[in-house]
Amino acid sequence: MAKKEPILILKNVNKVYKGGNTAISNINLTIQKGDFICLIGTSGSGKTTTMRTINRMIEPTNGEIIYKGQNIRKVDPVKLRKKIGYVIQNIGLIPHMNIYENVTIVPKLLKWSEEKKRAKAKELIKLVELPEEFLDRYPSELSGGQQQRIGVIRALAADQDLILMDEPFGALDPITREGLQELVKNLQENLGKTIIFVTHDMDEALKLSTKIVVMDEGKVIQVGSPQELLRNPANDFVKKLIGEERLLQARADVTTADQIITTRLTGGLLQGYKPYV
Ligand code: ADP
Ligand code: MG
(Lines give C-alpha, C1' and ligand atoms only; values in the text may rest on other atoms or scores of the structure.)
(Ligands and ions follow the chains in the order given, each with its own letter.)
Protein backbone atom coordinates (compact mmCIF):
# COMPACT_ATOMS: atom_id res chain seq x y z
CA MET A 1 0.00 0.00 0.00
CA ALA A 2 1.32 3.46 -0.87
CA LYS A 3 2.36 5.53 2.11
CA LYS A 4 -0.11 8.30 2.87
CA GLU A 5 1.09 11.86 2.48
CA PRO A 6 0.70 13.55 5.88
CA ILE A 7 -1.62 16.56 5.83
CA LEU A 8 0.55 18.43 8.35
CA ILE A 9 4.12 18.14 9.58
CA LEU A 10 5.73 20.17 12.36
CA LYS A 11 9.53 19.94 12.32
CA ASN A 12 11.51 21.16 15.32
CA VAL A 13 9.13 24.04 15.98
CA ASN A 14 10.22 26.46 18.71
CA LYS A 15 8.76 29.63 20.08
CA VAL A 16 10.88 31.81 22.32
CA TYR A 17 9.32 35.06 23.52
CA LYS A 18 11.23 38.25 24.20
CA GLY A 19 13.00 37.93 27.49
CA GLY A 20 13.87 34.31 26.73
CA ASN A 21 10.60 32.65 27.78
CA THR A 22 10.45 29.41 25.79
CA ALA A 23 6.79 28.61 25.13
CA ILE A 24 7.44 25.50 23.02
CA SER A 25 10.63 23.67 22.12
CA ASN A 26 11.40 21.16 19.38
CA ILE A 27 7.86 20.16 18.59
CA ASN A 28 7.80 17.35 16.03
CA LEU A 29 4.45 16.04 14.87
CA THR A 30 3.22 14.21 11.80
CA ILE A 31 -0.51 14.33 11.27
CA GLN A 32 -2.37 12.18 8.75
CA LYS A 33 -5.56 13.14 6.97
CA GLY A 34 -8.54 12.02 9.07
CA ASP A 35 -6.60 12.08 12.33
CA PHE A 36 -8.27 13.44 15.43
CA ILE A 37 -5.37 14.81 17.45
CA CYS A 38 -5.82 15.98 21.02
CA LEU A 39 -3.11 18.15 22.54
CA ILE A 40 -3.32 17.66 26.27
CA GLY A 41 -1.29 19.05 29.15
CA THR A 42 -1.48 21.32 32.14
CA SER A 43 -2.02 25.06 31.80
CA GLY A 44 0.99 26.82 30.26
CA SER A 45 2.38 23.63 28.65
CA GLY A 46 2.34 25.21 25.18
CA LYS A 47 -0.84 23.75 23.65
CA THR A 48 -2.29 27.02 22.37
CA THR A 49 1.10 28.20 21.13
CA THR A 50 1.60 24.98 19.16
CA MET A 51 -1.86 25.24 17.65
CA ARG A 52 -1.50 28.89 16.68
CA THR A 53 1.76 28.32 14.84
CA ILE A 54 -0.23 26.12 12.43
CA ASN A 55 -2.33 28.98 11.05
CA ARG A 56 0.43 31.57 11.56
CA MET A 57 -1.37 33.45 14.32
CA ILE A 58 1.98 32.90 16.02
CA GLU A 59 5.22 32.85 14.05
CA PRO A 60 7.64 30.21 15.34
CA THR A 61 11.14 31.37 16.28
CA ASN A 62 12.44 28.47 14.22
CA GLY A 63 11.37 25.18 12.74
CA GLU A 64 9.19 24.33 9.79
CA ILE A 65 5.52 23.62 9.27
CA ILE A 66 4.39 21.83 6.13
CA TYR A 67 0.66 21.87 5.31
CA LYS A 68 -0.39 19.74 2.34
CA GLY A 69 3.18 19.61 1.09
CA GLN A 70 3.75 23.36 1.30
CA ASN A 71 5.90 25.29 3.77
CA ILE A 72 3.37 27.63 5.39
CA ARG A 73 5.96 30.37 5.74
CA LYS A 74 5.54 30.82 1.99
CA VAL A 75 1.76 31.11 2.22
CA ASP A 76 0.08 34.45 2.89
CA PRO A 77 -1.25 34.19 6.50
CA VAL A 78 -4.70 35.50 5.59
CA LYS A 79 -5.01 32.99 2.74
CA LEU A 80 -3.75 30.23 5.02
CA ARG A 81 -6.39 31.02 7.65
CA LYS A 82 -9.14 30.70 5.06
CA LYS A 83 -7.98 27.13 4.46
CA ILE A 84 -7.83 26.13 8.11
CA GLY A 85 -10.90 26.24 10.32
CA TYR A 86 -10.54 27.62 13.84
CA VAL A 87 -12.89 27.22 16.81
CA ILE A 88 -12.26 28.81 20.17
CA GLN A 89 -14.04 28.81 23.50
CA ASN A 90 -16.74 31.48 24.04
CA ILE A 91 -15.45 34.13 21.75
CA GLY A 92 -16.48 33.14 18.45
CA LEU A 93 -19.61 34.63 17.13
CA ILE A 94 -19.77 38.27 16.21
CA PRO A 95 -22.71 39.75 18.16
CA HIS A 96 -23.96 42.27 15.60
CA MET A 97 -24.00 39.73 12.78
CA ASN A 98 -26.83 37.23 12.50
CA ILE A 99 -26.10 33.49 12.40
CA TYR A 100 -26.14 33.36 8.61
CA GLU A 101 -23.58 36.16 8.39
CA ASN A 102 -21.46 34.57 11.10
CA VAL A 103 -21.42 31.18 9.41
CA THR A 104 -20.54 32.60 6.00
CA ILE A 105 -17.73 34.97 7.01
CA VAL A 106 -15.02 33.02 5.21
CA PRO A 107 -17.13 32.11 2.15
CA LYS A 108 -17.88 35.85 1.85
CA LEU A 109 -14.16 36.64 1.95
CA LEU A 110 -13.71 33.97 -0.71
CA LYS A 111 -16.36 35.82 -2.76
CA TRP A 112 -18.81 32.95 -3.03
CA SER A 113 -22.14 33.81 -4.67
CA GLU A 114 -25.14 34.56 -2.43
CA GLU A 115 -26.77 31.36 -3.68
CA LYS A 116 -23.78 29.16 -2.84
CA LYS A 117 -23.40 30.76 0.62
CA ARG A 118 -27.11 30.31 1.42
CA ALA A 119 -27.04 26.66 0.31
CA LYS A 120 -23.95 25.97 2.43
CA ALA A 121 -25.43 27.67 5.52
CA LYS A 122 -28.63 25.61 5.19
CA GLU A 123 -26.69 22.38 4.74
CA LEU A 124 -24.53 23.06 7.79
CA ILE A 125 -27.27 24.12 10.16
CA LYS A 126 -29.11 20.88 9.33
CA LEU A 127 -25.92 18.98 10.14
CA VAL A 128 -25.97 20.29 13.72
CA GLU A 129 -29.71 19.73 14.07
CA LEU A 130 -30.75 23.35 14.48
CA PRO A 131 -33.77 24.83 12.67
CA GLU A 132 -33.10 26.81 9.51
CA GLU A 133 -34.90 29.83 11.02
CA PHE A 134 -31.95 30.22 13.39
CA LEU A 135 -29.94 31.63 10.48
CA ASP A 136 -31.88 34.88 10.93
CA ARG A 137 -31.28 35.08 14.68
CA TYR A 138 -28.50 36.91 16.49
CA PRO A 139 -25.98 35.05 18.71
CA SER A 140 -27.56 36.42 21.91
CA GLU A 141 -30.82 34.70 20.93
CA LEU A 142 -29.15 31.26 21.15
CA SER A 143 -28.09 29.19 24.16
CA GLY A 144 -24.38 28.67 24.90
CA GLY A 145 -24.44 25.16 23.44
CA GLN A 146 -26.29 26.30 20.32
CA GLN A 147 -23.80 29.13 19.82
CA GLN A 148 -20.95 26.67 20.05
CA ARG A 149 -22.63 24.45 17.42
CA ILE A 150 -22.63 27.48 15.16
CA GLY A 151 -18.96 28.04 16.04
CA VAL A 152 -18.23 24.50 14.87
CA ILE A 153 -20.07 24.77 11.56
CA ARG A 154 -18.53 28.15 10.88
CA ALA A 155 -15.16 26.40 10.89
CA LEU A 156 -16.49 24.01 8.23
CA ALA A 157 -18.24 26.55 6.02
CA ALA A 158 -15.47 26.98 3.46
CA ASP A 159 -14.86 23.22 3.24
CA GLN A 160 -11.61 23.39 5.20
CA ASP A 161 -9.95 19.99 5.57
CA LEU A 162 -8.11 20.90 8.77
CA ILE A 163 -9.82 22.35 11.82
CA LEU A 164 -8.12 23.68 14.92
CA MET A 165 -10.15 23.70 18.12
CA ASP A 166 -8.82 25.32 21.29
CA GLU A 167 -10.70 24.05 24.36
CA PRO A 168 -13.96 24.62 22.49
CA PHE A 169 -16.29 23.01 25.03
CA GLY A 170 -14.60 23.98 28.29
CA ALA A 171 -17.31 26.38 29.40
CA LEU A 172 -20.29 24.14 28.70
CA ASP A 173 -22.32 21.94 31.04
CA PRO A 174 -21.50 18.20 30.81
CA ILE A 175 -24.60 17.21 28.83
CA THR A 176 -24.26 19.94 26.20
CA ARG A 177 -20.58 19.16 26.06
CA GLU A 178 -21.19 15.48 25.41
CA GLY A 179 -23.55 16.29 22.57
CA LEU A 180 -20.97 18.54 20.95
CA GLN A 181 -18.21 15.97 21.38
CA GLU A 182 -20.35 13.44 19.51
CA LEU A 183 -21.12 15.99 16.83
CA VAL A 184 -17.47 16.81 16.26
CA LYS A 185 -16.42 13.14 16.26
CA ASN A 186 -19.12 12.36 13.68
CA LEU A 187 -18.07 15.26 11.49
CA GLN A 188 -14.48 14.11 11.60
CA GLU A 189 -15.40 10.52 10.73
CA ASN A 190 -18.13 11.15 8.18
CA LEU A 191 -16.68 14.18 6.41
CA GLY A 192 -13.06 12.95 6.59
CA LYS A 193 -11.91 16.11 8.39
CA THR A 194 -8.64 16.34 10.26
CA ILE A 195 -9.02 17.91 13.68
CA ILE A 196 -6.46 19.23 16.13
CA PHE A 197 -8.16 19.75 19.45
CA VAL A 198 -6.71 21.29 22.62
CA THR A 199 -8.06 20.07 25.93
CA HIS A 200 -6.94 19.59 29.49
CA ASP A 201 -9.60 16.94 30.07
CA MET A 202 -8.29 13.38 29.74
CA ASP A 203 -11.78 11.90 29.39
CA GLU A 204 -12.40 14.16 26.41
CA ALA A 205 -9.03 13.23 24.87
CA LEU A 206 -9.54 9.48 25.37
CA LYS A 207 -13.02 9.66 23.88
CA LEU A 208 -12.24 11.72 20.79
CA SER A 209 -8.67 11.08 19.71
CA THR A 210 -7.09 8.83 17.19
CA LYS A 211 -3.83 10.15 18.65
CA ILE A 212 -3.10 11.97 21.89
CA VAL A 213 -0.15 14.35 22.17
CA VAL A 214 0.87 14.89 25.79
CA MET A 215 2.66 18.18 26.44
CA ASP A 216 4.54 19.48 29.46
CA GLU A 217 6.65 22.60 29.81
CA GLY A 218 6.64 23.29 26.08
CA LYS A 219 7.68 19.80 25.06
CA VAL A 220 5.96 16.77 23.61
CA ILE A 221 6.20 14.01 26.21
CA GLN A 222 4.31 11.23 24.45
CA VAL A 223 2.33 10.64 21.27
CA GLY A 224 0.08 7.62 21.00
CA SER A 225 -3.40 6.24 20.53
CA PRO A 226 -5.64 6.23 23.63
CA GLN A 227 -4.92 2.50 24.04
CA GLU A 228 -1.16 3.01 23.77
CA LEU A 229 -1.24 5.72 26.41
CA LEU A 230 -3.35 3.62 28.74
CA ARG A 231 -1.12 0.57 28.31
CA ASN A 232 2.26 2.25 28.24
CA PRO A 233 2.31 5.72 29.79
CA ALA A 234 5.78 7.14 29.06
CA ASN A 235 6.48 8.50 32.55
CA ASP A 236 4.96 9.55 35.85
CA PHE A 237 3.65 12.80 34.42
CA VAL A 238 1.58 10.92 31.82
CA LYS A 239 0.45 8.44 34.48
CA LYS A 240 -0.71 11.28 36.67
CA LEU A 241 -2.52 12.95 33.81
CA ILE A 242 -4.32 9.71 32.96
CA GLY A 243 -5.06 8.94 36.61
CA GLU A 244 -4.61 5.78 38.65
CA GLU A 245 -8.23 4.70 38.26
CA ARG A 246 -8.20 4.70 34.47
CA LEU A 247 -4.85 2.88 34.40
CA LEU A 248 -6.17 0.18 36.72
CA GLN A 249 -9.29 -0.18 34.61
CA ALA A 250 -7.21 -0.45 31.42
CA ARG A 251 -5.02 -3.14 33.00
CA ALA A 252 -8.11 -5.06 34.09
CA ASP A 253 -9.52 -4.85 30.56
CA VAL A 254 -6.29 -6.19 29.03
CA THR A 255 -6.18 -9.07 31.52
CA THR A 256 -9.77 -9.97 30.77
CA ALA A 257 -9.14 -9.87 27.00
CA ASP A 258 -6.07 -12.09 27.38
CA GLN A 259 -7.98 -14.53 29.54
CA ILE A 260 -10.72 -14.82 26.96
CA ILE A 261 -8.17 -15.48 24.20
CA THR A 262 -6.24 -18.00 26.32
CA THR A 263 -9.46 -19.83 27.18
CA ARG A 264 -10.46 -19.96 23.53
CA LEU A 265 -7.06 -21.16 22.34
CA THR A 266 -6.77 -23.89 24.92
CA GLY A 267 -10.40 -24.89 24.96
CA GLY A 268 -10.49 -23.96 28.61
CA LEU A 269 -7.59 -26.22 29.63
CA LEU A 270 -5.81 -23.35 31.28
CA GLN A 271 -8.88 -22.02 33.02
CA GLY A 272 -7.85 -19.77 35.84
CA TYR A 273 -4.44 -18.94 34.34
CA LYS A 274 -3.86 -15.23 34.80
CA PRO A 275 -1.04 -13.99 32.54
CA TYR A 276 -0.68 -10.62 34.30
CA VAL A 277 -0.65 -11.71 37.91
P1 ADP B 1 -1.43 26.41 27.17
O2 ADP B 1 -2.30 26.69 26.01
O3 ADP B 1 -0.92 25.00 27.20
O4 ADP B 1 -2.06 26.75 28.49
P5 ADP B 1 0.29 28.50 26.08
O6 ADP B 1 0.70 27.94 24.77
O7 ADP B 1 -0.77 29.53 26.05
O8 ADP B 1 -0.09 27.31 27.08
O9 ADP B 1 1.57 29.13 26.81
C10 ADP B 1 2.81 28.47 26.88
C11 ADP B 1 3.81 29.33 27.62
O12 ADP B 1 4.12 30.49 26.85
C13 ADP B 1 3.32 29.83 28.98
O14 ADP B 1 4.39 29.79 29.86
C15 ADP B 1 2.90 31.25 28.68
O16 ADP B 1 3.05 32.06 29.82
C17 ADP B 1 3.88 31.67 27.59
N18 ADP B 1 3.35 32.71 26.70
C19 ADP B 1 2.23 32.62 25.96
N20 ADP B 1 2.03 33.76 25.24
C21 ADP B 1 3.05 34.58 25.57
C22 ADP B 1 3.44 35.92 25.17
N23 ADP B 1 2.71 36.62 24.28
N24 ADP B 1 4.57 36.45 25.70
C25 ADP B 1 5.32 35.73 26.57
N26 ADP B 1 5.03 34.49 26.98
C27 ADP B 1 3.91 33.91 26.50
MG1 MG C 1 -4.32 27.42 25.96
Side-chain angles (χ1 to χ4, degrees), residues 8-31 35-65 67 72-73 77-78 80-81 84-93 144 147-148 151-152 154-155 162-172 174 176-177 180-181 184 194-224 226 229 233-243:
L8 184 76
I9 307 170
L10 277 74
K11 289 186 197 164
N12 290 316
V13 175
N14 285 275
K15 178 68 186 178
V16 182
Y17 283 105
K18 283 187 209 96
N21 181 13
T22 302
I24 51 173
S25 56
N26 290 323
I27 304 293
N28 286 290
L29 290 174
T30 301
I31 294 168
D35 262 342
F36 198 124
I37 306 289
C38 279
L39 303 181
I40 187 162
T42 47
S43 178
S45 56
K47 305 180 296 294
T48 297
T49 306
T50 303
M51 177 167 274
R52 288 189 175 178
T53 58
I54 295 165
N55 65 2
R56 295 193 62 183
M57 286 172 76
I58 292 177
E59 295 293 348
T61 311
N62 42 53
E64 262 180 21
I65 298 174
Y67 177 53
I72 64 164
R73 219 172 339 158
V78 177
L80 182 71
R81 274 171 230 144
I84 299 177
Y86 190 48
V87 184
I88 41 176
Q89 186 180 321
N90 298 330
I91 327 165
L93 304 183
Q147 288 184 37
Q148 204 57 350
V152 171
R154 188 176 57 177
L162 176 65
I163 301 157
L164 310 177
M165 307 183 87
D166 197 347
E167 308 212 26
F169 311 141
L172 301 170
T176 308
R177 187 175 182 158
L180 277 155
Q181 287 169 343
V184 165
T194 308
I195 296 181
I196 304 178
F197 189 106
V198 166
T199 182
H200 57 254
D201 177 346
M202 189 48 92
D203 283 320
E204 191 164 63
L206 290 170
K207 188 168 160 189
L208 296 175
S209 311
T210 57
K211 246 191 220 172
I212 298 178
V213 176
V214 181
M215 296 190 67
D216 187 31
E217 296 184 351
K219 295 191 186 72
V220 171
I221 305 297
Q222 185 169 11
V223 181
L229 250 71
N235 61 18
D236 285 346
F237 176 78
V238 181
K239 277 188 197 157
K240 211 167 154 195
L241 210 58
I242 296 173

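The residues of the chain are indexed from 1 along the displayed sequence. Counting starts at 1 for both ligands and their atoms, following the listed order. Here the structure is a predicted model, which is why all the values come from computation and not from measurement. Just so it is clear, the values below take in all heavy atoms, side chains as well, and ignore hydrogens, waters and symmetry mates.
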Do Ile27 and Met215 have side chains that approach each other closer than 4.5 Å (heavy atoms only, starting at C-beta)?
yes
Exercise: identify the closest heavy-atom pair between Ile221 and Ala234
O-CB, 4.2 Å
Report the nearest protein non-hydrogen atom to atom 16 (O) of ligand 1: residue, atom name, distance rounded to 0.1 Å.
Asn21 ND2, 4.2 Å
Atom 9 (O) of ligand 1: nearest protein contact (heavy atom, Å)
Thr49 OG1, 3.7 Å
Keeping the roles fixed (side chain from Thr53, backbone from Ile58), state whether a donor-acceptor pair exists under 3.5 Å.
no
Given 3.5 Å as the limit, does a donor-acceptor pair link the side chain of Thr61 with the main chain of Val16, or not?
yes
N/O/S from Thr49 sitting under 2.8 Å away from the Mg ion (ligand 2):
no
Please lay out, stage by stage, how Lys240 and Asp216 fare under the test salt bridge (Lys or Arg N to Asp or Glu O under 4.0 Å).
CA-CA 12 Å; Lys240 211 167 154 195; Asp216 187 31; over 6 Å; no
So which heavy atom in the protein is nearest atom 19 (C) of ligand 1, and how far is it from that ligand atom?
Tyr17 CE1, 3.7 Å
Please determine whether any non-hydrogen atom of Gly46 lies less than 4.0 Å from an atom of ligand 1.
yes
Got a sec: does the NZ of Lys219 have more than 12 other heavy atoms crowding it under 6.0 Å?
no
Would you mind checking which non-hydrogen protein atom is closest to atom 7 (O) of ligand 1, with the distance to 0.1 Å?
Thr48 CB, 3.8 Å
Any idea which of Gly44, Ala23, Ser43, Ser45 brings a heavy atom closest to atom 12 (O) of ligand 1?
Ala23
